[in-house]
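Scroll down for the structure; my scribbles are underneath it.
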Amino acid sequence: MSSSPTSSRPFDRAHTDDLIGFLAATPSPYHAVAGAAQRLEKAGFRQVAEEAAWDGESGGKFVARGGAIIAWYVPEGATAATPYRIVGAHTDSPNLRVKPVPDRGRHGWKQIAVEVYGGTLLNTWLDRDLGLSGRLSLRGGGSVLVHVDRPLLRVPQLAIHLDRGVNDGLKLDRQQHMTPLWGLGTPHEGELIAFLAGEAGVAADQVVGWDLMAHSVEPPAYLGKDRELVAGPRMDNLLSVHAGVSALIAAVQAGTDAIPVFAAFDHEECGSESDTGAGGPLLGSVLERSVYARGGSPEDRARALAATVCLSSDTGHAVHPNYAERHDPDHHPMPGAGPILKVNVNQRYATDGRGRAVFAEACERAGVPWQTFVSNNAVPCGTTIGPITAARHGISTVDIGVAILSMHSARELCGAADPYLLANAMTAFLRH
């Protein structure tokens with residue numbers, strides 16, 4: 001089923017208001033995990049340590065590791081072979097990340113050395129006020145989050161007077177042209193980390209490592225005459241993280257006959273191959289240990305996974321009115337028309353006919369309209385954690401998401417109703 005877009009489709013604007021607040025508060029994967037954990041704890045979930053022995057008690061639990069978090073709820077009466085219903089997402093977004101030796105400069109300017117992370121639309125980071133956020137690692141193994149959410153950095157574009165052909169084609173060198181400035185004078189080694197340590201309230205000599213990134217300080221906001229759109233950063237894929245956490249909590253409150261799981265991974269934008277990525281062992285370890293904690297055997301684990309289904313939720317492409325020829329002529333997803341089912345027969349997405357049926361039934365139960373996305377045959381599509389999850393764990397997986405514009409930009413655009421509709425579809429899926 002597909003539906004036509006409408007700016008008047010009823011939805012709970014409070015959900016989208018909450019998403020806007022979540023996006024503003026989570027400029028890095030580490031902040032996203034902390035924000036998700038806070039919501040889960042408020043809903044009665046408890047964090048369990050990976051190095052500790054796990055119990056088989058019913059209730060909500062979660063594991064957090066770096067930029068990844070996995071939460072699950074074991075209902076009363078669940079057996080060791082009870083199947084899982086998983087919603088998967090990722091916490092990372094393309095951006096500019098601080099290099100190991102950050103303090104540099106030339107010609108009287110202080111600059112910060114950065115590395116391009118993921119498939120970033122470089123031009124969207126030009127002439128934009130940027131803050132810094134991430135994690136500072138301390139002596140003794142601890143860490144603190146840092147979030148400087150005010151204008152600190154800027155990547156200035158060359159004036160048109162010095163590049164008369166710029167409007168005929170902008171070409172940016174990642175090493176030479178993307179280095180942000182942050183002041184005047186001579187750079188001093190350790191200056192940036194000392195500044196950020198002060199912002200985080202720790203001594204500079206206690207900081208021995210860092211994972212830091214730039215973010216736009218312009219806040220997310222409603223857009224349009226009727227406020228039917230939302231513009232903001234990191235919708236790919238914190239929109240799905242927010243929806244997934246909300247859906248898990250709602251499913252638990254409403255009751256479920258499976259074991260609902262929410263899994264958000266790091267490093268999807270660069271291939272998922274890390275200890276906190278979807279290609280790593282974290283999800284498999286959590287599912288297996290949950291089975292064994294409930295007294296199960298390898299046979300019980302195999303039975304549980306054989307009946308498990310995963311929704312891999314990531315943003316997809318809404319039809320672009322200025323570039324409609326880049327889309328498949330018969331598949332034009334629109335904002336406001338509900339979540340999209342993502343299909344690619346070459347397994348860039350994991351959806352098959354059975355998965356379509358699972359997603360359609362969940363949307364029907366939730367009363368949520370949905371759309372289908374498939375790429376133009378001449379324009380290869382990206383991929384998601386979906387095929388990785390299916391192949392690594394042998395789990396039936398369906399790729400879904402919300403249709404947006406400006407994917408991988410420093411600021412993306414979605415329909416204001418779609419986050420709420422996505423969360424409702426996820427809730428219906430997690431419950432049955």
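Small disclaimer: the values here were computed from a predicted structure and weren't measured.
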Measuring centre to centre across the rings, with the benzene-like ring taken for any Trp, is Trp72 within less than 6.0 Å of Tyr84?
no
Backbone N/O of Lys342 and side chain of Thr351: donor-acceptor pair under 3.5 Å
yes
Less than 4.5 Å apart, any side-chain heavy atom of Leu421 and any of Pro339?
yes
To the nearest 0.5 Å, what is the distance between CD on Glu41 and CZ on Arg46?
11.5 Å
With side chains defined as the heavy atoms from C-beta onward, is the minimum distance between Arg301 and Leu287 less than 4.5 Å?
no
Distance alone, cut at 3.5 Å: any donor-acceptor contact between the side chains of Asp236 and His90?
yes
So, do Leu192 and Trp182 sit near enough that their side-chain heavy atoms are less than 4.5 Å apart?
yes
Charged N-O contact under 4.0 Å between Arg39 and Asp18
yes
Contacts satisfying ring pair (Phe, Tyr, Trp, His ring centres under 6.0 Å) that involve residues 223-261 (not counting sequence neighbours) are His15-His242, Phe22-His242
Sub-4.5 Å side-chain heavy-atom contact between Trp210 and Leu196
no
Does the side chain of Asp314 come under 3.5 Å of the side chain of Thr384 through a donor N or O and an acceptor N or O?
no
Pairwise distance OG1(Thr91) to CZ(Phe265) - rounded to 0.5 angstrom
10.0 Å
Any side-chain donor-acceptor pair under 3.5 Å between Tyr222 and Asp17?
yes
Does any N or O in the side chain of Asp266 come within less than 3.5 Å of the main-chain N or O of Gly277, such that one atom is a donor and the other an acceptor?
no
Less than 3.5 Å apart, any donor N or O on the side chain of Asp300 or Ser297 sitting next to an acceptor on the other?
yes
Heavy atoms, side chains only, cut-off 4.5 Å: are Leu126 and Leu172 in contact?
yes
Positive for salt bridge (charged side-chain N to carboxylate O under 4.0 Å, His left out) with Asp55, one of Arg289, Arg294, Lys61
Lys61
What is the distance from atom NE2 of His327 to atom NE2 of His332, rounded to the nearest 0.5 Å?
7.0 Å
Find out whether Ile388 and Glu268 are in side-chain contact, i.e. whether some heavy atom of one side chain is under 4.5 Å from a heavy atom of the other.
no
Is there a donor-acceptor pair closer than 3.5 Å between any side-chain N or O of Arg411 and the backbone N or O of Glu218?
yes
